[in-house]
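Heads up, the thing below is written out as structure tokens.
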Amino acid sequence: MDDILVARVMTSDPITVTADTYVEPAANKLLDNGVGSLIVVDDDGNLEGILTTTDFVKIVAASKPKAETRVERYMSTDVTTASAQDSIAEAAEKMIDHGIHHLPVVDDEEGVIGIVSTTDLAAYVSGLQTKKAR
């Protein structure tokens, strides 16, 4: 799997928000799109952070936020990333090493270009297994 690149398994056009988005609309974006994370970007599409369903569990457990709480209060800012040219083995290793389930894919010129999740990797490996069984 060292020769399979992240670009092959990543989700293009990840769902994004800005840091000044309120948490209630952000939660609705997660639910409406059936995703487990939102990439937080600036106006130029550059990565600022990531907000995950785990972050929302923390929000609810900590304080039952007011409707006007901004994403920036809860998003993670020390975000581990991948490049589209990384192998999926490298991506999986980063996810395991950092205990994360979502890996934003960034490009120096274009900013955020995709996201790889554990679901993406499992779906890819599952497809490999199915093909081998034939």
Side-chain angles (χ1 to χ4, degrees):
M1 281 198 260
D2 285 336
D3 59 336
I4 307 300
L5 303 181
V6 165
R8 185 166 177 180
V9 299
M10 74 180 190
T11 300
S12 298
D13 300 320
I15 309 303
T16 63
V17 295
T18 57
D20 63 351
T21 301
Y22 292 112
V23 293
E24 187 174 307
N28 287 330
K29 246 187 173 185
L30 286 170
L31 293 171
D32 293 346
N33 290 284
V35 295
S37 66
L38 299 170
I39 303 297
V40 184
V41 296
D42 64 16
D43 292 334
D44 295 322
N46 295 310
L47 180 70
E48 288 196 322
I50 187 168
L51 188 72
T52 68
T53 52
T54 301
D55 295 320
F56 275 97
V57 170
K58 292 176 187 174
I59 291 168
V60 172
S63 64
K64 297 190 181 190
K66 295 177 176 50
E68 294 185 3
T69 304
R70 295 180 190 266
V71 164
E72 65 191 339
R73 180 172 175 189
Y74 296 102
M75 70 183 188
S76 302
T77 56
D78 184 22
V79 182
T80 301
T81 64
S83 110
Q85 300 308 309
D86 288 348
S87 72
I88 61 171
E90 290 171 311
E93 187 174 324
K94 285 181 183 182
M95 294 168 90
I96 291 166
D97 288 348
H98 296 278
I100 57 176
H101 302 279
H102 305 91
L103 192 63
V105 182
V106 297
D107 178 84
D108 289 339
E109 294 177 16
E110 297 180 52
V112 176
I113 59 170
I115 187 165
V116 176
S117 69
T118 50
T119 302
D120 295 325
L121 295 176
Y124 182 78
V125 171
S126 175
L128 284 179
Q129 297 301 321
T130 302
K131 289 177 186 174
K132 286 181 183 180
R134 291 182 187 171

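The structure displayed is predicted, hence computed values, not measured ones. Heavy-atom basis, side chains included; hydrogens, waters and symmetry copies ignored.
- Asp55 places a side-chain N or O within donor-acceptor distance of the main-chain N or O of Thr52, the cut-off being under 3.5 Å.
- The number of heavy atoms from other shown groups lying within 6.0 Å of CG (Asp108) does not exceed 12.
- Residues Ala26 and Leu51 come closest through the heavy atom pair CB-CD2, 4.2 Å.
- Closest non-hydrogen pair, Val105 versus Val6, comes out as CG2-CG1, 3.6 Å.
- Annotation: the span from Ile115 atom CD1 to Asp13 atom CG amounts to 12.0 Å, rounded to 0.5 Å.
- Annotation: the span from Thr53 atom OG1 to Lys58 atom NZ amounts to 10.5 Å, rounded to 0.5 Å.
- The closest donor-acceptor contact from the side chain of Asp42 to the backbone of Asp44 lies under 3.5 Å.
- For the pair Val17/Met75, no side-chain contact is recorded, criterion being any heavy-atom separation below 4.5 Å from C-beta on.
- Of the possible polar contacts, one joining the Lys29 side chain to the Thr16 backbone as a donor-acceptor pair under 3.5 Å is found.
- Both Tyr124 and Met95 belong to a common hydrophobic cluster when Ile, Leu, Val, Met, Phe, Trp and Tyr are linked at side-chain heavy-atom distances under 4.5 angstrom.
- Taking all atoms of both residues into account, the shortest heavy-atom contact from Pro14 to Gly114 is CD-CA, 3.7 Å.
- Note that OG1 of Thr11 and CD1 of Ile113 are 12.0 Å apart. Values are rounded to the nearest 0.5 Å.
- Rounding to the nearest 0.5 angstrom, the gap separating the CG atom in Asp107 from the CG atom in Leu47 is 12.5 Å.
- Taking hydrophobic clusters as Ile, Leu, Val, Met, Phe, Trp and Tyr residues chained together by side-chain heavy-atom distances below 4.5 Å, Val41 does not share a cluster with Val35.
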Give the C-alpha distance, both sets of side-chain angles, the deciding distance and a yes or no for side chain to side chain contact (heavy atoms under 4.5 Å, CB included) between Thr54 and His101.
CA-CA 10 Å; Thr54 301; His101 302 279; 5.6 Å; no
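- The main-chain N or O of Glu90 is found under 3.5 Å from a side-chain atom of Ser87 such that the two form a donor-acceptor pair.
- Looking only at side-chain heavy atoms (C-beta outward), His98 and Leu103 stay at 4.5 Å or farther from each other.
- Contact annotation: the side chain of His102 approaches that of Ser117 to within less than 4.5 Å [non-hydrogen atoms, C-beta and beyond].
- From Ile39, atom CD1 reaches atom CD of Glu48 across 12.0 Å, with rounding to the nearest 0.5 Å.
- With values rounded to the nearest 0.5 angstrom, Thr81 atom OG1 is found 10.5 Å from Ile50 atom CD1.
- Linking ILVMFWY side-chain heavy atoms closer than 4.5 Å, directly or via other members, places Leu5 and Val106 in two distinct hydrophobic clusters.
- Residue Asp97 places its CG atom among more than 12 non-hydrogen atoms of other residues, nucleotides or ligands, all under 6.0 Å distant.
- The hydrophobic cluster containing Val112 does not contain Val71, counting ILVMFWY residues as joined when their side-chain heavy atoms lie under 4.5 angstrom apart, directly or transitively.
- Contact of the Arg8 side chain with the Ile88 side chain is not registered, since no non-hydrogen atoms from C-beta on lie closer than 4.5 Å.
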